[in-house]
> 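Here it is, the structure in full.
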Amino acid sequence: MKRINKFLGIAALLFTMSACEKNLDITPTQSIDEGQALRTSSDVEAALIGAYSDLGDADVYGGNIMLISELLGGSNLFNWTGTFQGLTQLYNKSTPVNNVFVRDTWLDSYQVINDVNNVLSALDVVLPARKARVEGEAKFIRGAVYFELVRLYAKSWNDGNPANNDGVPLILTPTRAPLNESSNVARAKVSEVYAQAIKDLTEAEALLPAAQTNNVFASRYAAAAMLARIYLQQGNYEQAAAAANRVITANRYRLVETDAVFPFNSQNLSEDTESPAEYIFSIAVTSSAGVNELNTYFSTTGRGDIDLRDAFVAQFEPDDQRLDLIYRDGGLRTAKYDMVYGNVPVVRLAEMYLIRAEANFRLGTAVGASPLSDVNQIRTRAGLQPLNAGQLTLASILKERRLELAFEGAVLHDIKRLQGSIGPYAWNAPRLVLPIPERERQVNPNLTQNEGY
């Protein structure tokens, strides 16, 4: 697993142009000469590439943000057989405050935020023709990361009053030198963090071009897709349907129907794997850069530490072609992440159809299409007979979501918003919220700890 200079907490996150290197193994400096850093448009754009590189770190969108959700929320779906103590603790819901994965996801996520804060602080030097794109990409990254942090390290939006519950620190300006005690940042409220994420992503959607050269750079529709997720998590179904509809009706993505391993690159183990047309935003992995921790733990081409439960597999209808993504190799495995090289999917088109279907069904509306039509898009792609109007229920929509998005990082957050349970744990159990890392609280006494830790 990738580990890079993780000894600094939020209170000591330092700006360094080493973030612009693809291999982040340069020791951070204590400060930066303002006369040397981010003087030109090229400097700022290089810093933005560094932010993307950090975003793809193992502990962020290189896989562990999704893996943590699966380990905390997916014990009804699979058995964890791995030997990494920190991951076993997450699966067992016995996470201590010094868990290394909890610590590193926090640290590396705030490193990404610091990267883009530096970019945003230097927009004045960016060439006018590039300024909107650079600002939009930086705000997409910051908004997405704050959304991930607040739903992992704080109570769910629907658990009590989000205006009263502690979220995570909001840091919107760059750190270029060691902070002193007066700079320690307390936790913002859950509602404030959501508001900042929505603000960043809304502005990103307005600033960004309709499409980038590929889906490893944020586009207008990547921002809309992330907004659809946030609104769904809040239960704001009108806005969720509208955001998902903007992505779908753009007609820039399509449901992939090529072979039994759609829409993943499971069987293509070469470095030349093309990202599926279904991916709206993803993280690139090649032989020289990038990491896919979902491959590490889910696939037998990696460690193969996750063994699917028979009861989960039994939920698929016999003719469901998604069963071709499940195979037996010592135990039942998912082939979603068998690719050695290829993009790690962060958000894809199928999810937008499912968000629009659920939101429209709950509202009794048909924004863009009827809920029945959207669900049947997913079912027919999987080789199943379409449902008729009498068969469409909220439960049938949620079942398609559960099967389609399995092992992609949605399970914990869906259980929380739908107020379900995970074994003996209710959806709002304190052990389903990550602790604030012990080291962070030692450095910053203004950080409160979560209930139960």
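For reference, positions follow the sequence shown, starting with 1.
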> Does Tyr337 form a ring-ring contact (aromatic ring centres under 6.0 Å, His included) with Tyr297? I'd like the steps, not just the answer.
CA-CA 9 Å; Tyr337 305 111; Tyr297 298 109; over 10 Å; no
> Tell me, please, which residues at least two apart from Gln449 pass side chain to side chain contact (heavy atoms under 4.5 Å, CB included).
Val97, Pro435, Ile436, Arg441, Tyr453
> Can we say Lys189 and Asp166 salt-bridge, meaning some charged N sits less than 4.0 Å from an Asp/Glu carboxylate O?
yes
> I'd like to know if Asp414 and Arg401 make a salt bridge, using a cut-off of under 4.0 Å between side-chain N and carboxylate O.
yes
> Is the closest side-chain donor-acceptor distance between Thr88 and Gln85 under 3.5 Å?
no
> Any pair with a residue in residues 422-432 that passes side-chain hydrogen bond (donor to acceptor under 3.5 Å, both in side chains), sequence neighbours left out, goes on the list, sorted by first then second residue, please.
none
> Go through the side-chain N and O atoms of Asn64 and Thr105 and say whether any donor and acceptor fall under 3.5 Å apart.
no
> Hey, could you give me each pair passing ring-ring contact (aromatic ring centres under 6.0 Å, His included) that has a residue in residues 192-234? Not counting sequence neighbours.
Tyr52-Phe217, Phe147-Tyr194, Trp157-Tyr194
> Just by distance, with hydrogens left out, do Glu400 and Ser396 show a side-chain donor and acceptor under 3.5 Å apart?
no
> Is it true that the side chains of Asp338 and Thr301 contain a donor and an acceptor less than 3.5 Å apart?
no
> Can any side-chain N or O of Asn360 pair as donor or acceptor with the backbone N or O of Ala241 at less than 3.5 Å?
no
> Report the C-alpha distance between Thr83 and Arg303 in whole Å, list the side-chain angles of each, state the deciding distance to 0.1 Å, and finish with yes or no for side-chain hydrogen bond (donor to acceptor under 3.5 Å, both in side chains).
CA-CA 10 Å; Thr83 57; Arg303 292 175 55 89; 3.0 Å; yes
> Between Lys139 and Glu205 (salt bridge meaning N to carboxylate O under 4.0 Å), is one present in this structure?
no
> Filter on ring-ring contact (aromatic ring centres under 6.0 Å, His included), then keep only pairs touching residues 354-396, sequence neighbours left out; what's left?
none
> Within the structure provided, determine whether Leu107 and Gln111 are in side-chain contact (heavy-atom separation under 4.5 Å).
no
> Tell me, which pairs form a ring-ring contact (aromatic ring centres under 6.0 Å, His included) where one or both residues lie in residues 368-417, sequence neighbours left out?
Phe298-Phe407, Phe312-Phe407
> Indicate yes or no: does Glu404 engage Arg322 in a salt bridge with an N to O separation below 4.0 Å.
yes
> Quick one: side chain to side chain contact (heavy atoms under 4.5 Å, CB included) partners of Leu207, sequence neighbours excluded?
Ala132, Glu135
> Can any side-chain N or O of Asn292 pair as donor or acceptor with the backbone N or O of Asn295 at less than 3.5 Å?
yes
> Regarding Asn215 and Asn343, is there a side-chain donor-to-acceptor distance under 3.5 Å anywhere?
yes
> By the definition side-chain contact (heavy atoms from CB on, under 4.5 Å), identify the one residue from Leu67, Leu87, Thr81, Leu77 that meets it with Ile306.
Leu67
> Is Asn158 reaching over with its side chain to a backbone N or O of Lys416, donor-acceptor style, under 3.5 angstrom?
yes
> Apply the side-chain contact (heavy atoms from CB on, under 4.5 Å) test between Glu408 and each candidate in Glu70, Lys336, Met66; give the one that qualifies.
Lys336
> Classify the side-chain pair Asn76/Arg309 by whether it contains a donor and acceptor separated by less than 3.5 Å.
no
